[in-house]
Amino acid sequence: MPIQYYIYLCLTLFSIGIIGVLTRRNAIIVFMCVELMLNAVNLLLVAFSKMHHGVALGSSATSMVGIEGQIFVFFIMVVAAAEVSVGLAIIVMMYRNTHSVDINFLNRLKN
Amino acid sequence: MNAIIVSALLGVVMMFSGIITTKRSSITYTAIISLLVLLVANLLNTYGIWEFHVNTHGMLQFDKFGMFFNSIAITATLIYVILSGKDIEKTGIHVSEYYALIFFVLCGVSILTSFNGLLMLFIGIEILSIPLYILTGADKRNLKSNEASLKYFLMGSFSTGIMLMGIVLIYGATGSFALGVLHDAPAAGLPVKASFIEVAGILLLFASMCFKVSAAPFHFWTPDVYDGAPSVFTSFMATIVKSAGFIAFIRLFESNTQALGPTWKILLSFVIIATLLIGNITAVFQQSVKRMLAYSSIAQAGFMLFALYSNNDLAKEGILLYAVAYSLATIGIFAILIKMKDYTFDGYNGLAKSEPVLAFTNTIFLLSLAGIPLTAGFFAKYYMLASVVKAGGALWLVVVAVVFAAISVYYYFRLIQAMYFKEGDAETTGISSGFKNALLILAVLIILFGVFPSLVLNSFYF
Amino acid sequence: MIPVLLILIPLLTGLVSFFIKNDKAVKTWSVLSSVITLLIAFTAVFNCYPGQLSYDAAWLPTLGSRFALMTDGMGKMLCLLTAVSFPLIFAAIFKNNYKQSSGFYGLMLLSQAGLMGVFTAADALVFYFFWELALIPVYFLCSIWGGEKRIAVTFKFFIYTFLGSLLMLVGILFLYFHTNDHSFALKSFYHIHLSGKQENFIFWLFFIAFAIKMPIFPFHTWQPDAYEQSPTATTMVMSGIMVKMGIFAVVRWLLPVFPNASVQFANIIIILSVIGMIYASLIAIRQDDIKRLIAYSSIAHIGLMCAAIFTQNKTGLEGVMIQMFNHGINVLGLWIVADVIEQKLGTRKFIDLGGLAQKAPVLAILLVVMSLANIALPLTNAFIGEFLMFNGLFQYNIWIAAAAGISIILAAVYTLNMIQKVLYGNTVAATENAVEISGNIQLVLVILAITVIVLGVYPQPMIDLTKDTVNAILVNH
Amino acid sequence: MSKLVYLVPLFPLLGFLINGLGRKSLSKSMISLIGSGVILASFIVSVMLFFDVKANGASVITLFDFIKADGFQIPFAFQVDQLSSLFLLIITGVGFLIHLYSSAYMQDEEPQHYGRYFSYLNLFVFSMLLLVLGANYVIMFIGWEGVGLCSYLLIGFWFKNNDYNYAAKKAFIMNRIGDLGFLLAVFWLLFRLGTVSYGDVFANISKLSSFDITGITMLLFVGAMGKSAQIPLYTWLPDAMAGPTPVSALILAATMVTAGIYMIARSNILYTMAPATQTVVAVIGLSTAILAATIALQQNDIKKVLAYSTVSQLGYMFLGLGVGAYTGAVFHVMTHAFFKALLFLGAGSVIHAMHHEQDIRKMGGLKKYLPITHITFLLACLAIAGIPPFSGFFSKDEILTAAFGKNPLYYIIGVGGALMTAFYMFRLYTLTFLGNFRGTHEQEHHLHESPWQMTFPLIILAILSVFGGFLGIPEVFAKDAHSLEHFLSPIFAGSEKITGEHAHLAASQEYIMMGVSTILIAIMIGIAISRYKKYQLNTDENTGLSKVLEHKWYVDELYNAVIVNPLNAIAGFCKNIIEKSGIDGLVNGAGRLVGYGSRQLRLLQSGQVGNYILIMVLAMVVFVLVWFNDNAIMNFLNKIL
Amino acid sequence: MSTTDILFYFLSALAIFSAIMVLVSRNPVHSVLWLILVFFAISGHYILLNAQFLAIVNLIVYAGAIMVLFLFVIMLMNLNAETEPQKHMWMKLAGVISGGCFLMVLVSLVRQATDMQNKSVLMKTGDIGLIKNLGKALFSDYVVPFEISSVLFLSAMVGAVVIGKKD
């Protein structure tokens with residue numbers, strides 16, 4: 001499978017995530033779209049890792065090249081999990097105070 | 001390595017200190033002692049006396065530059081805690097947790113000064129950011145604090161996404177997360193523009209780093225977050241965290257800018273000018289001192305970006321000095337700001353009458369931020385400009401920068417005017433003589449560094 | 001060592017005076033300090049300790065900057081001017097009461113330290129430092145003790161000059177990286193080689209800084225407002241000494257460093273200066289306020305000095321040298337008179353004044369003497385300077401000299417206007433109960449008047465004092 | 001002997017200092033004693049110097065280096081020669097008489113003002129002596145400006161009156177205009193020759209191109225115009241009558257206004273070598289002579305008439321200089337000093353008697369009240385009118401004869417002016433002394449002759465006016481009888497050499513000219529006396545030419561319209577428009593722009609996270625686009641920077 | 001067209017479609033469910049790429065833990081299509097356009113990237129994605145970041161306490 005396909009796929013998913021961030025007002029949905037972006041990144045990382053691995057296999061059958069990409073994905077997941085816990089806590093706190101998760105509602109701070 | 005490990009451990013210690021004692025001031029004292037320990041540990045490491053031997057497998061690389069910055073950050077935090085410890089205690093009930101988070105941030109700072117790969121960069125930035133989201137929202141009853149926290153979090157995680165996409169694209173092009181590979185790509189004989197994927201990655205990485213150091217047009221979170229966060233944590237964010245961001249930025253782009261060719265400088269100069277413009281111009285009409293300081297921090301970031309632009313020895317020295325000068329002054333200004341009842345400029349009217357020491361030291365800090373000679377801020381700006389002039393070819397940029405520096409005087413001096421030249425009864429709370437003495441010492445330090453900047457820099461060179 | 005003392009004494013005494021709470025004590029302390037400084041300045045001028053005239057110590061080794069000071073003829077003369085002015089100013093304002101006088105006198109002394117530093121610096125970075133150090137105290141002085149609109153006006157003044165000095169800083173940096181030995185030393189700057197384009201660009205960076213400070217048309221608009229709104233003691237410092245910083249800097253840091261550019265742009269600058277002279281004189285004619293009139297008159301005089309510098313012949317430069325001193329003395333006298341009038345009568349507007357000669361003849365005579373010096377009447381000190389400067393200008397271009405000469409006539413017009421409206425005619429409400437000036441001020445003004453006459457009759461020592469500087473600068477070409 | 005020359009200006013300087021500083025403590029008599037005494041002392045030294053020069057010739061005494069700058073050196077030096085010693089005598093001599101006169105005339109002043117008056121007067125004499133004694137143009141310039149200052153102080157002596165102050169200011173400023181010309185000439189000399197000492201300049205004159213000489217002489221003449229009240233800078237002089245009358249006599253008749261003549265006579269070689277300038281000098285002198293004379297015809301203020309008469313006579317002197325009759329001009333300076341000082345002092349005596357009434361229409365018939373004043377005044381009138389053998393006849397005749405030699409038209413016009421002089425002087429005389437008294441009864445009651453301090457100078461000056469002419473008897477009457485010419489010949493030797501021997505007129509022609517002019521003048525006098533003898537006060541407005549003349553050809557109005565008002569308007573424009581709205585507006589505008597930018601840029605910070613992220617995304621898009629187009633951008637940047 | 005290709009295209013289409021549905025669903029609960037579907041599709045891709053460990057983790061951590069957390073929060077807040085705030089039409093358009101631009105410029109960069117030509121991804125084979133290998137690498141070469149990320153969790157934990165706890 002040519003790497004471009006994966007790149008296009010992931011960029012598309014990534015951009016959909018961005019569009020979601022830009023078009024939705026619900027903080028939770030926005031946050032979910034960020035998660036979508038992260039997943040696009042993860043997929044691309046794995047694809048690249050396999051690509052590099054494939055290239056390296058040509059020279060050495062026991063090559064472990066490319067594993068760092070997958071490890072990175074692991075760390076992204078770790079970070080994402082941590083972020084989610086903090087993020088949801090913040091959103092809940094916000095909701096507690098304002099009974100809303102609308103980000104357009106966040107406009108006390110401006111100018 | 002010491003700084004990373006010790007700060008993480010001390011963070012845990014701080015977490016538990018809340019269980020051992022409920023007396024808030026003793027938690028603060030614990031934090032101060034812990035910071036001293038951390039400082040000592042870092043210094044031991046710096047001078048090669050003792051360190052934790054850990055095989056980092058090339059993930060981290062410690063150099064004097066980074067460790068010296070650690071010392072700066074730790075010392076700044078120490079001063080910050082000494083000055084504003086009382087106010088940290090007042091922010092909420094989770095005092096020990098706040099300190100723990102501060103230590104975790106310092107851990108992130110230490111990682112950012114020593115990362116040797118994009119993975120550690122990413123982890124470092126996250127360790128730096130996540131506690132900040134929390135600290136921003138620490139004043140839970142305050143809607144502004146909530147809002148700031150949420151904004152910061154949403155935008156921060158978005159920029160994390162961008163950064164990750166950048167890292168991935170770079171990985172795709174080079175097959176490695178190490179910094180060195182990135183550096184070597186163009187040197188290996190590839191035509192500069194051959195690796196479009198890498199370029200795209202660098203651009204995205206650049207954008208996300210710009211976000212972290214609040215360079216325009218990625219600065220939007222800064223005023224809102226700095227304004228909304230509890231002042232005492234704004235002070236921390238605006239100084240230590242921000243300088244650490246710059247160190248990371250410089251570490252990252254130190255030697256791999258050739259991949260972008262001359263475009264790099266164009267891009268950077270656009271960003272610099274935009275940052276200076278927005279920071280300085282928008283600060284002019286702010287009514288709240290806190291918000292003005294937020295914009296001023298953007299403006300200062302514009303100056304710090306020069307280090308990136310010129311990318312030479314002078315720039316590295318300079319960014320350290322800048323970090324010292326800017327952090328000390330801003331910590332001082334915030335320490336005073338927190339004591340004010342009214343954060344607007346008018347709230348400062350007549351401060352010189354009621355609290356001359358506060359007014360005087362605040363003036364010194366402001367002069368330093370404005371870059372007036374005989375204060376540390378002058379040499380900070382001086383080094384930035386000098387490094388660009390040394391790099392050559394962008395004198396017009398320097399001229400633009402000094403024009404904005406002149407504009408910056410406008411809003412800094414507005415505060416001085418309010419304190420000294422305007423009638424009014426500025427109200428303050430909870431000022432102890434110890435606080436005043438600490439401020440005076442800080443002011444003396446700033447002047448000392450302003451007259452003999454080599455005091456800072458020589459210790460860099462040993 | 002002498003230059004170090006010249007800076008240190010006012011600096012330290014200034015810092016000390018912040019902590020003296022007694023009004024009387026702080027005044028005496030300041031007078032004492034300034035008199036000691038004056039004595040030291042005399043030792044420099046009379047060359048008592050020839051070995052002690054320069055100082056050089058390590059400061060910022062990594063930057064190539066040394067704490068280097070020196071006093072050549074021009075430096076000595078300006079240090080003398082500074083040293084002479086301060087005791088006189090302190091004596092003249094001895095009776096005035098300022099709120100928080102410890103701060104006032106402290107800041108005054110600090111500005112003196114800055115000025116001394118500027119005039120003795122032999123290192124560009126040191127020079128820049130003192131350049132700013134002189135400015136900051138003045139900013140506070142004007143903003144705290146000034147007139148009604150002081151805050152906005154001083155602010156404008158500060159930002160304006162600060163912008164200028166930042167541009168200069170850029171220039172200094174650029175030059176630093178183009179010196180052969182990576183040093184800020186004056187000597188290294190003198191031996192710099194730049195390409196034509198670079199030289200032209202950097203020249204303007206420096207010149208704008210100096211032009212704002214002097215100030216040269218059209219960079220002058222901060223000045224009348226600032227002079228008007230400042231407390232007069234500060235105005236005296238600003239207009240008597242601080243404007244000389246700009247001229248001094250042009251002579252020391254501009255001409256020898258940018259020999260080609262300063263020849264190339266001489267035309268533009270001279271024409272600008274001459275336009276400024278006439279323009280400022282014309283405006284002075286229409287002023288209705290003593291302080292503003294003196295301010296514009298000062299702009300006109302400075303314009304002449306600037307033009308004369310750029311003729312770059314010895315005559316013109318010698319004229320500029322002694323005129324720097326003389327203008328300082330004259331304008332000091334005028335400001336003292338303006339201050340006396342304002343203090344005693346509570347107004348500076350011509351419309352509220354008149355007939356003062358009947359009530360205070362001594363003041364009237366001294367004002368007339370100072371005014372005559374202001375219009376450079378022969379046998380007053382200013383004549384010598386203006387004579388030499390016009391001479392230099394004439395050698396440069398006869399038509400420019402003739403055009404500049406118009407300002408001689410206009411100077412007479414506005415100065416006599418002032419004399420007439422303040423001193424002559426019948427008394428009015430404000431001046432009805434005016435009384436003669438008293439001891440201190442009378443003494444100060446008499447000293448100034450005598451200086452005016454003595455230097456007008458026998459100017460040779462002054463000319464000789466600065467000859468070395470003039471020669472050194474023109475040799476460098 | 002000539003080493004003592006510094007004493008000459010030193011005495012008046014001392015007098016100035018003593019009287020100036022002690023004006024409150026000294027008594028009036030003490031003040032007048034010191035004030036007059038120092039001038040007398042100077043006079044005595046001057047007389048000694050005069051004889052010394054006559055016996056030993058000229059010398060230059062250097063006191064110290066005034067300015068020693070690069071390339072030139074200006075010593076503070078005095079030159080004692082025939083010309084300066086002659087002027088010294090006039091200045092100190094007439095000056096002494098006027099001081100003496102003043103001591104009585106100013107008796108009504110308060111002591112401190114009395115002291116101030118004498119100190120000014122002394123200072124004036126000091127400056128005038130510097131002017132005359134200086135051995136180079138710079139010292140002359142010092143005196144030149146010094147007398148300008150003193151005239152300013154003296155004209156505005158009664159400073160409570162703002163009209164007087166305006167007059168004083170006008171005098172000073174008009175003088176300054178001339179001074180600028182003088183100064184430029186000095187620079188020119190310095191530039192070309194590196195020296196301004198008379199001796200060096202005249203010796204090196206060959207180094208100057210004819211353009212230089214013309215330029216220098218023109219500029220010097222501009223200086224002379226200001227000081228000696230020539231067209232177009234003459235209007236200050238009549239206004240300057242605001243000062244006390246002895247001042248008018250001293251400054252405006254005897255000394256200061258003749259400085260211009262002195263200066264040109266001093267620089268005669270330069271002028272002789274610049275024929276173009278000479279023509280200008282002659283034409284301007286002649287025009288001034290006629291213009292002032294016409295104005296004098298219709299003036300009613302006794303001092304104004306004399307003032308315009310002075311301007312007119314100065315015009316004659318310049319005519320003399322212009323046609324190369326340097327001796328004649330100097331001769332006329334001398335005789336004019338005598339009779340015009342006499343006229344002014346006489347007028348002062350009249351005014352004194354009339355209690356400061358100056359309008360001649362309100363006088364008349366004073367003959368019987370003021371006998372000495374009357375006689376001396378009449379003699380002076382005859383002298384100025386040019387009736388032989390009074391002094392004015394000789395001097396004026398010498399100038400006119402020389403003018404005829406140059407251009408007969410000069411002569412004809414000159415004679416016309418002389419006729420007018422005769423007419424207005426005798427109009428003045430008749431209205432004042434003849435006929436009936438037209439003043440108030442109270443004035444009439446108080447009329448009395450002046451004290452001896454005033455009449456004594458009148459008598460001395462009358463004697464000089466009558467006999468002074470015999471110093472310069474024309475060659476037609478007696479060979480080598482022109483003792484003045486002999487005395488001054490070393491000064492003008494250089495010029496003589498260049499122009500060569502005068503083409504002498506035939507003796508018969510000269511006789512005819514003298515005769516005709518004398519007869520015409522006599523007829524004029526007759527007309528004037530007969531016409532005004534029966535004058536009755538009427539207040540009808542003059543019409544036609546008389547009105548124009550009474551309003552001095554509207555020259556002041558013209559100046560106001562052409563110079564003063566536009567200048568004020570330009571100044572106002574600069575102050576209110578260019579300065580406020582233009583330059584300061586630009587500066588403040590920059591500040592306002594920042595403020596405006598601030599308010600606008602703040603809006604970018606909308607508070608909406610969505611917008612923030614939108615801009616971030618767009619910025620990243622721009623980053624990539626920039627990167628794509630970096631060449632184009634680089635080219636663009638290179639072009640504009 | 002091999003099975004791999006078919007699977008690739010199917011999973012890709014599913015991922016993109018589900019992702020779009022996340023955006024356009026009015027009801028937040030539906031969005032969550034669509035997002036879970038995206039994660040499933042991506043996990044499918046992982047399996048296709050023979051990254052078994054990540055596939056599992058993705059399902060457990062993301063689709064399982066994280067999304068449940070989201071769902072839980074949404075339910076807690078009782079959010080539904082009616083309460084869901086909608087952006088202004090123009091703002092949405094601006095968002096879509098700028099996102100589209102972002103995609104376009106990046107894609108055009110990739111299209112021009114010469115070094116990515118002729119490179120392909122190793123499908124189904126390759127053992128770097130196996131738990132054994134990953135675990136070995138994680139606890140040898142990557143032990144430092146692994147340990148350090150514990151700090152991250154610590155701070156997240158502290159944060160949850162600080163933020164979440166009721167005062």
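Numbered from 1 within each chain, the chains take letters A, B, ... in sequence-line order.
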Can you tell which part of [X] gets under 4.5 Å to a heavy atom of chain C, answering side chain, backbone, both or neither?
| X | value |
| --- | --- |
| Val451(B) | both |
| Ala370(B) | backbone |
| Tyr382(B) | both |
| Ile407(B) | neither |

Any sub-3.5 Å donor-acceptor pair from [X]'s side-chain atoms to [Y]'s backbone N or O?
| X | Y | answer |
| --- | --- | --- |
| Gln223(C) | His220(C) | no |
| Ser368(B) | Ile364(B) | no |
| Glu199(C) | Asn260(C) | yes |

Part of [X] within contact of chain B (heavy atom distance under 4.5 Å):
| X | answer |
| --- | --- |
| Trp145(C) | neither |
| Leu125(C) | side chain |
| Ile136(C) | side chain |
| Ile144(C) | both |
| Tyr160(C) | neither |
| Phe130(C) | neither |
| Ile151(C) | both |

Counting heavy-atom pairs under 4.5 Å to chain C, which of [options] comes out on top?
| options | value |
| --- | --- |
| Val403(B), Val388(B), Leu395(B), Thr363(B) | Leu395(B) |
| Ile372(B), Leu385(B), Leu367(B) | Ile372(B) |
| Tyr420(B), Phe452(B), Phe421(B) | Phe421(B) |

Give a yes or no on whether a salt bridge exists between Asp56(C) and Arg66(C), defined as a side-chain N under 4.0 angstrom from a carboxylate O.
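Counted as a salt bridge, because a side-chain N and a carboxylate O are separated by less than 4.0 Å.
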
Note: Asp225(C)-Lys149(C) ion pair, threshold 4.0 Å (strictly below)
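Result for this pair is no, no salt bridge flagged.
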
Cation-pi geometry met for Lys381(B) and Tyr322(B) (6.0 Å, 45°):
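No, a cation-pi geometry is absent between Lys381(B) and Tyr322(B).
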
Can you say whether the rings of Tyr139(C) and Phe158(C) are parallel (under 30°), tilted (30 to 60°) or perpendicular (over 60°)?
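It falls in the tilted class, 30° to 60°.
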
Do we see a donor-acceptor contact under 3.5 Å between the side chains of Tyr411(B) and Asn280(B)?
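Short answer, yes.
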
Answer yes or no: are there more than 12 heavy-atom neighbours, outside Phe435(B) itself, under 6.0 Å from its atom CZ?
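More than 12 within 6.0 Å, yes.
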
